[in-house]
Amino acid sequence: MESSQGSQNEATQRQRRKSLKAMFLVLVNCVLMTIGQVGGPLLLRIYYLHGGKRKWLNAWLLTSGFPILILPMAFSYLRAQAKGQATVLLVTPRLVAASAFLGILLGLDGYLYSFGLSYLPISVSSLLGSTQLAFTAIFAFIVVKHKFTHYSVNAVVLMTFGSVVLGLHMNGDRPSGVSDGKYLLGFLMTLGAAALHGFIMPALEYTHLKAGMPITFDLVMQIQFLISMFATLFCTIPMVINKDFQAISKEAAEYGLGETKYYMVIVLAAVAMQLLIIGSIGVIFCSTSLLGGLVSSLLVPVQQVFAVLFLHERFNADKGMALAMCLWGFASYFYGEYRSTYKKIPSKQESEVEII
C-alpha cells in the first residue's frame with residue numbers, strides 16, 4: 001500500500017514538473033511573440049515612412065532571420081551529443097513537405113501584410129491583424145475540429161464589426177500621399193493577410209497532431225527553420241525577378257534616415273519578425289493555435305500605444321471603437337476558453353476516482 005502511494009506521489013511530482021516546464025516554455029514563447037509583434041511592424045513601417053518602397057523586400061524580411069535558429073539548434077545538439085543522444089535530423093519527409101507548404105503560405109501572407117503596411121498606419125493594420133483570432137477560430141473548427149461556442153461566435157462578430165468600422169471611416173486617417181484606392185487596397189490586403197494567418201495557425205497545429213512522433217524542442221526548432229526557409233525562398237524568387245537585391249544599395253543611399261540606419265532598420269526588422277515566428281510556432285506546439293491567436297490579439301493595444309508614441313499616429317474615436325470591439329471579442333473568447341477548461345477538471349477528477 002505504502003509503495004503504491006509512493007509511486008503515485010512520484011508520478012504526480014513528475015507530472016507537475018512536466019506541467020511547469022510546459023508553462024515555462026509557453027511563457028518564453030509569449031515573450032518572443034511580444035518582442036516580435038510590437039517591434040517588427042514598427043520597424044517595417046519606419047522602413048516605408050522614410051523612403052523604402054520594396055514590398056517583396058519587406059516580405060522577405062519577415063522570415064529571412066531564420067539562420068539565427070542555428071544557434072539554439074547547435075546548442076541543443078551539442079548538449080544531446082554529450083549525453084550520447086544526438087540526432088542530426090528529426091523531421092520526416094512528410095514533415096518536410098508540410099513545412100514547404102506552410103512556408104509558401106507564410107511567404108504569401110508576408111507579402112500581403114507588407115503590401116498593406118505600405119499604405120496603412122500601424123494603428124489600423126494592427127487592428128485589422130487582430131481579426132486573425134476570428135479567422136483562427138473558424139479555421140480551427142474546420143481543420144482541427146475545435147468546437148464553436150457562443151463566446152467564440154460573439155468574438156468573431158465583434159471583431160468583424162471592428163473591421164467594418166475602420167473600413168467605413170478611413171478618410172480621416174489616410175496617410176499623406178496615399179489615395180483612397182491605395183488605402184482600400186492596403187485595407188483589403190491586410191485583412192487577407194489576417195485571414196491567411198488564421199488558416200496557417202490551425203494548419204500548424206494539425207501538423208503537430210499528425211507528426212507521428214513526440215514533440216520535442218529540437219523537432220520544433222527544425223520545423224520552424226524549414227518553414228521560414230521555404231517562406232524566404234518563396235519571397236526571394238520575385239525579388240530576383242524585380243532586381244530588388246541590386247536596388248538595396250541605391251535605396252540605402254537615398255534613405256531619409258541615412259544609409260547606416262537603413263541597414264539597421266532592415267536587420268533589426270528581420271530579427272524581430274523571426275522572434276515573432278519562433279514565438280508563434282512555439283506557442284502552437286506547446287499549447288494550441290487558439291492560444292497563439294489570443295496572445296496576438298491581446299498585443300494589439302500595446303502596438304497602438306507604441307504607434308502613437310514613436311510614430312505620432314493619431315488615435316481617433318473610430319480606432320477607439322474598433323479597439324474596444326477587438327478587446328471585447330478577445331475577452332469573450334478568453335472567458336469561453338476558461339469556462340470550457342474549468343468544466344473539464346471535475347470530469348477528469350471523477351474519472352480518476354473511478355479508476356482508483
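Note that these values count all heavy atoms, side chains included, but never hydrogens, waters or copies made by symmetry. Residues take their numbers from the sequence shown, with the count starting at 1.
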TODO: Take L57 and N242 through the side-chain contact (heavy atoms from CB on, under 4.5 Å) test and state the conclusion after the steps.
DONE: CA-CA 10 Å; L57 171 61; N242 293 335; over 6 Å; no
Co-membership, hydrophobic cluster, residues [X] and [Y], 4.5 Å side-chain:
X	Y	answer
L102	I142	yes
L44	M264	no
I122	L309	yes
F115	I237	no

[atom1]-[atom2] distance between [X] and [Y], expressed to the nearest 0.5 angstrom:
X	Y	atom1	atom2	result
K55	S114	NZ	OG	8.0 Å
I104	S99	CD1	OG	11.0 Å
T190	L112	OG1	CG	8.5 Å
L204	I223	CG	CD1	8.5 Å
Q224	I277	CD	CD1	9.0 Å
I266	S64	CD1	OG	8.5 Å

Task: More than 12 heavy atoms from other groups under 6.0 Å of OH on Y206 - done: no
So which atom in [X] and which in [Y] form the shortest heavy-atom distance, rounded to 0.1 Å?
X	Y	value
Y47	R54	OH-N, 3.0 Å
L117	S125	CD1-OG, 3.5 Å
P41	G36	CD-O, 3.5 Å
G51	Y255	N-CE1, 4.2 Å
V143	P202	CG1-O, 3.9 Å
A272	G39	CB-C, 4.3 Å

[Y] side chain reached by [X] side chain, heavy atoms, under 4.5 Å:
X	Y	value
F225	M73	yes
P121	L311	no
L257	Y262	no
M201	Q132	yes
L71	F75	no
Y263	E259	yes
T63	F66	no
F199	T136	no

TODO: Could you tell me whether the side chains of Y113 and N58 share a donor-acceptor contact shorter than 3.5 Å?
DONE: no
Task: No-hydrogen, no-angle side-chain donor-acceptor test under 3.5 Å, S228 and Q274 - done: yes
TODO: Determine, step by step, whether L276 and L32 satisfy the side-chain contact (heavy atoms from CB on, under 4.5 Å) criterion, reporting the C-alpha distance in whole Å, the side-chain angles of both residues, the deciding distance to 0.1 Å, and the verdict.
DONE: CA-CA 6 Å; L276 173 59; L32 295 178; over 6 Å; no
Task: Y119 and Y183 aromatic centres sub-6.0 Å - done: no
Open item on the list: For F234 and W60, I'd like to know if the aromatic rings sit close, meaning centre-to-centre distance below 6.0 Å.
Closed with: no
TODO: Could you please spell out the steps behind the side-chain contact (heavy atoms from CB on, under 4.5 Å) verdict for L62 and D109?
DONE: CA-CA 10 Å; L62 297 180; D109 182 57; over 6 Å; no
- [ ] Would you check, one step at a time, whether the test side-chain contact (heavy atoms from CB on, under 4.5 Å) holds for L95 with L226?
- [x] CA-CA 9 Å; L95 284 175; L226 288 173; over 6 Å; no
Task: Result of checking M221, Q222, M229 against L69 for side chain to side chain contact (heavy atoms under 4.5 Å, CB included) - done: M221
